[in-house]
Every structure is written in C-alpha cells, then in structure tokens.
Amino acid sequence: MEVPALAHNITSPLSPCEGMIKDLSLDAIQLCERDGSKSQDGSISEMEELPVPQNIKISNITCDSFKICWDMEPRSKERITHYFIDLNKKENKNSNKFKHKDVPTKLVAKAVPLPMTVRGHWFLSPRTEYTVAVQTASKQTDGDYAVSEWSEIIEFCTADYSTVHLNQLLEKAEAIAGRMLRFSVFYRNQNKEYFDHAREVQGNRMLPSVKDNSGSHGSPISGKLEGIFFSCNTEFNTGKPPQDSPYGRHRFEVGADTLFNPNTSLYFGDFYCMYTAYHYVILVLAPKGSRGDEFCKQRLPALDISNNRFLTCKQDEEGDGGLVFHHAQDVILEVIYTEPVDLALGTVAEISGHQLMSLSTVNAKKDPSCKTCNISVGR
C-alpha cells in the first residue's frame with residue numbers, strides 16, 4: 001500500500017499521540033483510553049478480539065516516506081480490514097507554521113501484506129522527528145469500525161534529500177540561472193574581529209565551520225558539511241563585487257584560481273528563496289581527494305567545472321591560455337570552500353558600502369510556498 005488515505009470521521013479510540021483530527025466521530029461507539037479500559041455499557045467488547053500490533057519496526061526511511069511492519073497474534077487476524085496509523089511530529093505541532101492546523105494525522109490503509117510504505121509530502125517533512133502508533137480495525141456493515149487498542153508509540157526521524165531530490169532542485173535552479181558573467185575573485189565579508197581572530201589565534205587562517213540550517217530543510221549539508229562561505233557575484237555595471245554586504249565591513253578577496261581550478265570538485269548543494277524575488281544557489285568547492293570532496297561525493301550532484309549553469313572555470317582559448325571564470329547572473333551564489341584558507345593568499349580591506357543585515361541568509365528559512373524553488377517532496 002503506497003499511499004494511505006487520510007482518515008475522516010473515523011470511529012476509534014483516542015490517539016496516544018497529540019494532534020488528533022478535529023472531525024473524529026465519537027457517536028457510533030463508546031471508546032476506551034489507551035490502557036484498554038471499557039466504557040460502562042461494554043459496547044466495545046469486540047475490540048478485544050482484534051490483535052494489537054506488536055514489535056513495530058520502521059525501515060527504508062526517506063525524506064517523505066517510510067516502511068512500517070509489526071507482529072500480530074493470529075487470533076481474529078482474518079477479521080482485520082484496515083490499519084489506523086497515527087502519525088505526529090515529536091516537536092510542538094505549532095512550531096511548523098506552514099502546516100495547516102487542520103491537516104489530519106491519522107492515516108487509514110487497507111489491510112495489505114506488511115511491510116507497508118507510508119508516503120506523502122503533505123504530511124511528512126525531511127529531517128523531522130515523528131511518533132507513530134498503530135491500530136488494527138474491522139469495518140462493520142454499518143460503516144463503523146471495531147478497533148484494537150493502540151500499539152506502543154515508536155519514534156523515528158525522516159531523512160535528508162537524496163541525490164534524486166537534489167537533481168530535481170538542480171533542474172529548477174538551472175531554469176532560472178540566466179546568462180553567465182565573468183568574474184575574477186572570490187570574497188568573504190566579516191567584521192574586523194573575525195579577521196583579527198584568524199590572524200592571532202588560527203595561524204593567519206580562516207577555518208571551516210559547520211554549515212548552518214539556512215536553505216531547504218532537507219539539505220544533506222546543513223549541520224554536517226564544514227566549510228567557509230564565499231561569494232563571487234558581481235555588479236552588472238562594474239563587473240566587480242558589490243560594496244554592500246550583510247556580513248561585515250571588512251572583506252577578504254582572493255583570486256578565483258586559488259580556490260577554483262581543475263584540481264577542484266564542484267557540487268550543487270541547494271536552491272532556495274526567503275519570501276523574496278531573489279533566489280540563492282549553494283555550491284560546494286572541494287579540493288579533489290579532500291575530506292569535503294569525499295563527503296559530497298556520497299550526497300550531492302557533481303557539476304562539470306567547465307560546463308554548468310552556475311559557476312565555470314575554463315581555459316582562455318583566445319587570450320594567454322590562463323583560466324577564465326563566469327558566474328550565473330540571475331541567482332545569488334553562495335559558495336562553500338571545504339578547506340582552511342590562508343589570509344596571505346589574498347587581501348583584507350574595508351568596503352565603502354553599507355552592512356545590509358536584512359540580506360543575511362544566516363539560518364534563513366526557505367519559503368515552502370514558492371513554486372520556483374520547491375519540489376514535490378517533504379519541504
């Protein structure tokens with residue numbers, strides 16, 4: 001059973017998890033609590049005839065699906081017509097303001113052979129902890145259900161986007177990347193104290209740090225990949241880096257060939273927006289054979305450094321034969337370099353523009369309603 005239906009007007013005992021649907025009908029039978037206590041009129045005596053799911057196992061977890069199976073006593077097994085699955089976020093249900101408060105969490109599936117796949121991006125999100133409990137049910141001639149007690153509550157966490165999902169994001173990003181503009185330097189803005197610390201404490205080096213949780217919730221690099229963020233976008237009219245930055249008034253600039261050359265692997269990491277017209281693409285630059293390169297090989301789509309829609313490095317066939325670099329015009333590139341960078345390789349200077357904090361992408365949350373940068377899996 002690939003996609004269980006959502007339950008409406010179901011007659012069953014109270015869910016052991018939070019967030020039970022609001023339109024649950026309690027008129028047809030008297031219900032018991034999770035401990036199995038009967039109602040005073042004994043109208044749920046049939047419930048004891050249905051086996052309670054035991055030893056629940058969750059497997060094959062993706063960002064928006066999982067397989068579930070369990071053991072059952074053979075008694076009355078032939079009477080089971082449906083399974084009720086109560087699925088809830090482990091966190092406070094109000095913490096996700098984009099999930100409609102009335103979306104039901106009880107799923108109904110016909111009693112198919114186990115394991116059964118539960119799939120649905122409208123109620124499953126990546127990297128999210130859930131609780132799940134199961135009932136067996138027997139549909140009666142009048143349309144109501146006789147049900148078992150609830151099983152034990154099991155906890156599990158959904159997975160990151162797979163490379164299949166990231167390739168879907170990649171295709172969407174490629175569609176809006178625009179024409180390529182030439183550039184010559186990567187740059188990183190920070191406050192003066194950041195660079196002072198790099199000189200005095202870190203051996204004159206900027207060191208990688210763990211990527212924050214900005215961008216797509218299912219991104220496999222958030223909270224895992226270590227790197228240093230750089231920019232390379234240029235102003236259309238000058239061909240140079242902009243003088244404004246949200247990250248600080250001091251800028252480190254380094255020649256593009258220092259970080260990006262034929263000995264560098266390039267990966268697509270993410271595509272997102274923050275409720276604005278601007279879209280961001282995260283790319284990863286990793287020296288071949290480095291720890292960052294090995295990390296990305298297993299998780300991210302690799303890009304041809306000389307032929308992609310975002311960031312290219314090519315031999316200059318018309319000039320001196322050196323390397324030339326281009327970046328996409330219509331997206332803002334955030335480039336993560338996975339190794340330490342010595343400040344002696346470039347220059348640090350104060351910029352003349354403003355520190356526009358409103359443009360910061362630190363822990364920025366992706367707009368889940370944007371049709372340009374979302375795919376049909378868990379947000």
Side-chain angles (χ1 to χ4, degrees), residues 2-3 60-67 117 119-122 124-128 157-180 211-227 229 232 260 264-274 278-286 288 290-314 326-338 361 364-379:
E2 289 296 309
V3 185
N60 295 76
I61 300 171
T62 73
C63 67
D64 64 347
S65 70
F66 62 92
K67 283 188 175 182
T117 298
R119 176 180 291 118
H121 73 270
W122 54 90
L124 280 171
S125 297
R127 280 195 177 200
T128 305
C157 185
T158 46
D160 299 335
Y161 283 160
S162 68
T163 52
V164 172
H165 302 127
L166 287 170
N167 275 311
Q168 293 175 18
L169 272 182
L170 170 59
E171 291 177 3
K172 282 181 163 283
E174 288 174 334
I176 70 161
R179 70 187 184 97
M180 304 292 281
K211 183 194 171 297
D212 64 11
N213 290 315
S214 60
S216 300
H217 190 53
S219 172
I221 61 177
S222 293
K224 296 180 181 179
L225 178 68
E226 293 187 354
F229 268 107
C232 63
F260 191 25
T264 309
S265 297
L266 177 65
Y267 297 93
F268 172 81
D270 200 5
F271 178 46
Y272 71 101
C273 71
M274 304 181 297
Y278 303 110
H279 277 85
Y280 297 81
V281 170
I282 297 179
L283 303 174
V284 181
L285 288 176
K288 291 182 177 179
S290 65
R291 186 173 66 172
D293 190 27
E294 294 303 315
F295 177 93
C296 294
K297 278 182 182 178
Q298 310 300 321
R299 297 168 175 84
L300 304 180
L303 301 177
D304 182 342
I305 67 169
S306 65
N307 183 26
N308 67 81
R309 298 296 308 277
F310 311 111
L311 189 70
T312 60
C313 169
K314 301 179 181 180
H326 290 82
H327 71 81
Q329 172 186 355
D330 294 337
V331 293
I332 300 175
L333 298 180
E334 297 182 298
V335 180
I336 301 176
Y337 188 73
T338 62
T361 60
K365 300 305 180 184
K366 181 174 182 175
D367 177 2
S369 66
C370 177
K371 295 182 179 179
T372 300
C373 61
N374 281 294
I375 55 178
S376 294
V377 296
R379 299 291 188 260

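Contact annotation: the side chain of S306 never approaches that of T312 to less than 4.5 Å [non-hydrogen atoms, C-beta and beyond]. Side-chain atoms of S290 and T338, non-hydrogen and from C-beta on, do get closer than 4.5 Å to each other. Residues K366 and N374 meet the side-chain proximity criterion, which asks for heavy atoms closer than 4.5 Å. At a threshold of 4.5 Å between non-hydrogen side-chain atoms, the residues P220 and L300 count as touching. Two residues are said to be in side-chain contact when any heavy atoms from C-beta on lie closer than 4.5 Å; F295 and L225 meet this criterion.
Remark: R299 does not engage D160 in a salt bridge, criterion side-chain N to carboxylate O under 4.0 Å.
Residues Y161 and C63 share a closest heavy-atom pair of CD2-SG, 3.9 Å. Taking both residues in full, the closest heavy atoms of V335 and C232 are given as CG2-SG, 4.4 Å, listed atom of the first, atom of the second, then distance. The minimum heavy-atom distance linking L283 with V281 is given by the pair CD2-CG1, 3.7 Å. G292 and A286 make their closest contact through C-CB, 3.9 Å (heavy atoms, listed as atom of the first residue, atom of the second, distance). Taking both residues in full, the closest heavy atoms of S219 and D270 are given as CB-OD2, 4.0 Å, listed atom of the first, atom of the second, then distance. Scanning all heavy atoms of the two residues, the minimum distance from R127 to I221 falls at NH2-N, 4.4 Å.
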Hey, mind stepping through V284 and L266 against side-chain contact (heavy atoms from CB on, under 4.5 Å) and telling me if it holds? CA-CA 6 Å; V284 181; L266 177 65; over 6 Å; no

Using the salt bridge (Lys or Arg N to Asp or Glu O under 4.0 Å) rule, take R119 and D64 through it: C-alpha gap first, then chi angles, then the decisive distance, then the call. CA-CA 6 Å; R119 176 180 291 118; D64 64 347; 5.3 Å; no

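Take K314 and apply the side-chain hydrogen bond (donor to acceptor under 3.5 Å, both in side chains) test, not counting sequence neighbours, and it matches no residue. With sequence neighbours excluded, the residues forming a side chain to side chain contact (heavy atoms under 4.5 Å, CB included) with I332 are N233, Y278, Y280, listed by chain and number. Under the side chain to side chain contact (heavy atoms under 4.5 Å, CB included) criterion, C157 pairs with E129, not counting sequence neighbours. Applying the side chain to side chain contact (heavy atoms under 4.5 Å, CB included) rule to K172 yields the partners F271, I375; only residues at least two apart in sequence or on another chain are considered. Scored by the side chain to side chain contact (heavy atoms under 4.5 Å, CB included) test, E226 finds P208, V210, R291 as partners (sequence neighbours excluded).
Here the CZ-CD distance, from F310 to E174, works out to 5.0 Å after rounding to the nearest 0.5 Å. How far NZ of K211 is from NZ of K224: 12.0 Å, rounded to the nearest 0.5 Å. Distance OH/Y337 to CG/L285: 8.0 Å, rounded to 0.5 Å. Between the CZ atom in F229 and the CG atom in L333 there is a gap of 12.0 Å [rounded to 0.5 Å]. Put simply, CD1 on I305 and SG on C313 are 4.5 Å apart, with the number rounded to the nearest 0.5 Å. Remark: N60 CG to T117 OG1 distance equals 7.0 Å, nearest 0.5 Å.
A side-chain N or O of S265 and one of D293 form a donor-acceptor pair less than 3.5 Å apart. A side-chain donor-acceptor contact under 3.5 Å links S65 and T62.
Between the side chain of T128 and the backbone N or O of P126, at least one donor-acceptor pair lies under 3.5 Å.
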For residues 164-171, which side-chain donor-acceptor pairs fall under 3.5 Å, sequence neighbours excluded?
{"unit_1": "H165", "atom_1": "ND1", "unit_2": "S162", "atom_2": "N", "d": "3.1"}
{"unit_1": "H165", "atom_1": "ND1", "unit_2": "S162", "atom_2": "OG", "d": "3.1"}
{"unit_1": "N167", "atom_1": "ND2", "unit_2": "T163", "atom_2": "O", "d": "3.0"}

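The side-chain hydrogen bond (donor to acceptor under 3.5 Å, both in side chains) test with Y272 singles out one residue from E334, H217, H279, and that residue is E334.
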